Asks: 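One structure coming up, written as C-alpha cells, with questions to follow.
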2 protein chains.
Amino acid sequence: MPISIVIFEDNENLRDSLEVLINNSGEYQVLAGFSNVLNAKEQIENLRPDVVILDIDMPVKSGITAIPQIKEIDPKISIVIYTQFEDDDKIFDSLCAGADGYILKKTSPILLFQALKEVREGGAPLSPTIAKKVLATFHKSPNQVLRYNLTPREIEVLKLLIKGYSIKYIASELFVSYDTCKSHLKNIYTKLHVNCGKEAIAKVLEERIIL
Amino acid sequence: MPISIVIFEDNENLRDSLEVLINNSGEYQVLAGFSNVLNAKEQIENLRPDVVILDIDMPVKSGITAIPQIKEIDPKISIVIYTQFEDDDKIFDSLCAGADGYILKKTSPILLFQALKEVREGGAPLSPTIAKKVLATFHKSPNQVLRYNLTPREIEVLKLLIKGYSIKYIASELFVSYDTCKSHLKNIYTKLHVNCGKEAIAKVLEERIIL
DNA sequence: CGAAAAATCACCTTTTTAGGTGATTTTTCA
DNA sequence: TGAAAAATCACCTAAAAAGGTGATTTTTCG
C-alpha cells in the first residue's frame with residue numbers, strides 16, 4: 001500500500017507538479033490537493049492521509065492554523081511544512097504547533113520528496129538553514145557570563161532572582177543582609193545593562209545566559 | 001584547498017577507516033586523529049581544522065567537554081558528534097555546548113560523510129531519530145494558555161511584561177491608563193498563581209508558555 | 001606580603017509595584 | 001436582545017524595588 005499524501009498549496013502549478021512528481025514515484029500517492037486550509041479539518045478527517053504537505057502563506061488563513069487541527073485528528077499524521085519563508089517566527093510557530101518537518105521551496109521539489117521518505121521513517125526533515133536555526137536555540141555561549149564579568153556571588157544572586165524571588169528572600173537564602181543583596185543587584189543591573197530586576201530576568205532567560 | 005578535518009574517536013579501527021574514507025573523497029582531508037580529548041585544546045589550536053568529528057564516550061574525558069574549548073578557539077570550526085548514544089542527556093548536553101551536528105554510528109559512515117558536506121554548507125546534520133527528539137522539545141500543547149484562561153488583552157499585557165517593561169510603559173504601548181494596565185496585571189497574577197511581575201516573567205519563560 | 005577585587009553592610013530618597021475596592025463602558029455570544 | 005465576560009478607569013495604602021553614597025571586612029592572587 002503506497003503512502004498517502006494530501007497537499008495544501010495555493011500555487012496551482014506547483015501543486016500539480018508536486019502531485020505528478022509524487023504519484024510517479026510509485027511509493028507515494030496523492031489523495032488530494034487543496035489551495036487553502038479553510039476546510040482542512042473535515043478534509044483530513046475524511047481522507048486520513050499518512051503525510052500532509054503544508055504551505056504556510058495561503059489565502060485567508062495561514063497554514064500554521066491547520067497544524068493543531070490535523071494533529072488533533074491523529075498525531076501520527078506527519079506534517080511537512082513546504083514554504084518560501086525562513087523567518088524565525090514562522091519556523092518556530094510551525095514547530096511549536098506540531099510540524100514534523102520544514103522544507104524550503106528554494107530547495108528543489110526533489111528534496112521535498114526525500115523529506116517525505118525521512119518523515120515516514122520517523123525523522124524530522126529540515127532544510128539546512130532551518131536546522132541551523134533550530135540548533136542555534138540550544139547553543140549557549142560559554143562566555144556569556146564571562147562577558148558580563150559577573151562575580152561568583154553575583155551569579156548566585158542572579159540565579160535566585162530569575163526564579164522570581166524577592167530581594168528579601170534572596171538575602172535570607174544567602175544569609176546576608178537586605179542591603180548587601182541590593183548592593184549585588186545594583187552591580188548586576190549595571191553589568192547586564194538593565195534597569196531593574198524584571199529586565200534582568202527577561203534578559204537572562206531570553207538570551208539563555210548560563211549561570 | 002580541501003576541507004580539513006580532525007577526528008576524536010577511541011576506536012582505532014573505526015578511526016582509521018573513517019580517515020581512509022574521508023581522504024579518498026578528494027574534497028576532504030584528515031589532518032589528524034586522536035583517541036581522547038585530553039589535549040584537544042592545544043591540538044585544535046595548532047591544527048585549526050574546518051571540521052571536528054567528535055565521539056562522546058572516550059577514555060577519561062567525555063568528548064562533550066571538548067566542545068566549548070574548540071568553540072572558544074574558533075566558533076567557525078564545525079563540530080559533528082559521531083556516537084552510538086542517543087539518550088536525551090548526551091544529545092542536549094552536546095547541542096547546548098555548541099555542537100553543529102549529531103550523527104549516530106548505527107547509521108553508516110557514508111552518512112557521516114554526507115553530514116560533513118551539510119555542516120560545511122551551513123546546515124545542521126542530525127540523524128533522523130535525533131532530529132525527531134530535537135523537534136519534540138518545541139512541541140507544546142496548544143492549550144497551555146487556555147489552561148490559565150488568559151483573555152486576549154491579558155496575553156498582550158503579559159507579552160510586554162516578559163520583555164521586562166514597566167507598567168507605565170506597557171500602558172502607553174497599549175494606549176490605556178496606568179490603572180487599567182495594573183488591573184490586567186492583577187488578574188494575570190491571580191490566573192498564573194504568582195504574586196508579582198518577576199514571578200510571572202520567570203514562570204512564563206521557564207515553562208515556555210506560549211503567548 | 002600587599003594591592004586589587006569581592007563581599008559585606010548602612011542610610012537615605014524616590015519610584016515602582018502590589019493589593020484592595022468599586023465602578024463604568026464595551027464586546028461577545030447564546 | 002440581554003446576560004456574561006472583557007476591558008476600561010480611579011483612588012487608596014503599604015510594600016518592594018531602584019538609585020545614590022560611602023564604608024568596612026574578606027578573599028584572592030601576583
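Hydrogens, waters and symmetry mates are skipped; everything else that's a heavy atom, side chains included, is used. Quick caveat: nothing in here was measured; it's all calculated off a predicted structure. Just so it is clear: chains get the letters A, B, ... in the order the sequence lines come, proteins before strands, and each one is counted from 1.
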Asks: Angle, rounded to 10°, between the helical axes spanning five pairs at each terminus of the helix from C/dC1-D/dG30 to C/dA30-D/dT1?
Replies: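 Here the local axes at opposite ends form an angle of 70°.
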Asks: Donor-acceptor pair, distance only, cut-off 3.5 Å: does the side chain of B/S127 make one with the backbone of B/I130?
Replies: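 Side chain of B/S127 to backbone of B/I130, a donor-acceptor pair under 3.5 Å: no, none is there.
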Asks: Among the candidates D/dT8, D/dA18, C/dA7, find the nucleotide nearest to the side-chain atoms of A/T151.
Replies: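 The closest nucleotide is C/dA7.
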Asks: Please tell me which of the listed nucleotides, C/dA7, D/dA18, C/dA18, lies nearest to the side chain of A/Y189?
Replies: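 So the side chain of A/Y189 is nearest to D/dA18.
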Asks: What integer distance in Å separates A/E199:CD from D/dA17:P?
Replies: 15 Å
Asks: Taking only nitrogen or oxygen atoms into account, show me every contact under 3.5 Å that the protein makes with nucleotides 20-27 of chain D, one pair per line with its distance.
Replies:
| from | atom 1 | to | atom 2 | distance (Å) |
| --- | --- | --- | --- | --- |
| D/dG20 | N7 | A/K186 | NZ | 3.1 |
| D/dG20 | O6 | A/K186 | NZ | 2.8 |

Asks: With respect to the phosphate group of C/dC9, does any side-chain polar atom (N or O) of A/T180 fall under 4.0 Å of OP1 or OP2?
Replies: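 For C/dC9, OP1 or OP2 has a side-chain N or O of A/T180 closer than 4.0 Å.
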Asks: Does anything in residues 161-175 of chain B pair up under salt bridge (charged side-chain N to carboxylate O under 4.0 Å, His left out), and if so which pairs, sequence neighbours excluded?
Replies: none
Asks: Looking at A/Y28 and A/F113, what are the two nearest heavy atoms and their distance?
Replies: CD1-CE1, 3.6 Å
Asks: Given D/dC9, is OP1 or OP2 found less than 4.0 Å from the side-chain N or O atoms of B/S177?
Replies: yes
Asks: Output the rounded distance in Å from CD (A/E156) to C1' (C/dT8).
Replies: 14 Å
Asks: I'd like to know if A/E86 pairs up with A/K133 as an ion pair, taking the criterion as any Lys NZ or Arg NE/NH1/NH2 lying under 4.0 Å from an Asp or Glu carboxylate oxygen.
Replies: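 Answer for the salt bridge query: no.
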Asks: Between A/K159 and A/E156, is there a side-chain N and carboxylate O pair less than 4.0 Å apart?
Replies: no
Asks: Would you call the rings of B/F92 and A/F138 parallel, tilted or perpendicular if under 30° counts as parallel and over 60° as perpendicular?
Replies: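 Ring orientation of B/F92 relative to A/F138: tilted.
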Asks: Write down the distance between CG (B/N187) and P (C/dA18), rounded to a whole number of angstrom.
Replies: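 Distance, rounded to whole Å: 13 Å.
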Asks: How close or far is atom C1' of D/dA17 from atom OH of A/Y169, stated in whole angstroms?
Replies: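 So the OH-C1' distance, A/Y169 to D/dA17, works out to 19 Å.
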Asks: Take the protein atom CD1 of B/I201 and the nucleotide atom P of D/dA17, then report the distance between them rounded to whole Å.
Replies: 12 Å
Asks: Looking at C/dT8, D/dA18, D/dG19, which one has an atom nearest to any side-chain atom of A/N195?
Replies: D/dG19
Asks: What verdict does the salt bridge (Lys or Arg N to Asp or Glu O under 4.0 Å) test give for A/D100 and B/K132, after you've listed the backbone C-alpha separation in whole Å, the side-chain angles of each residue and the deciding distance to 0.1 Å?
Replies: CA-CA 8 Å; A/D100 301 287; B/K132 191 77 186 173; 3.2 Å; yes
Asks: Round to the nearest Å and state the distance from A/L150 atom CG to C/dA5 atom C1'.
Replies: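 Rounded to the whole Å, the gap is 14 Å.
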Asks: Judged by each residue's nearest nucleotide on DNA chain D, which is more toward the 5′ side, B/K191 or A/C196?
Replies: B/K191
Asks: I'd like to know if A/D55 pairs up with A/R15 as an ion pair, taking the criterion as any Lys NZ or Arg NE/NH1/NH2 lying under 4.0 Å from an Asp or Glu carboxylate oxygen.
Replies: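 Not counted as a salt bridge, because no side-chain N and carboxylate O are separated by less than 4.0 Å.
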Asks: Given C/dA7, is OP1 or OP2 found less than 4.0 Å from the side-chain N or O atoms of A/H184?
Replies: no
Asks: Please report the distance, rounded to the nearest Å, between NZ in B/K168 and P in C/dT14.
Replies: 15 Å
Asks: Are a donor atom and an acceptor atom from the side chains of A/T65 and A/S62 found within less than 3.5 Å of each other?
Replies: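 Distance-only check fails for A/T65 and A/S62.
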Asks: With a 4.0 Å cut-off on heavy atoms, is B/S166 in touch with a base, just the backbone sugar-phosphate, or nothing at all?
Replies: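 Sugar-phosphate: the residue B/S166, judged by heavy atoms under 4.0 Å, touches backbone atoms but no base.
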Asks: Taking CD1 from A/I188 and C1' from D/dG19, how many angstroms apart are they, rounded to a whole number?
Replies: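 To the nearest whole Å, that distance equals 15 Å.
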Asks: Heavy atoms from C-beta onward define the side chain here; which of D/dA17, C/dT17, D/dC9 lies closest to that of B/K198?
Replies: D/dA17
Asks: Kindly give the heavy-atom pair with the smallest separation between B/I201 and B/I162, and that separation in Å.
Replies: CG1-CA, 4.0 Å
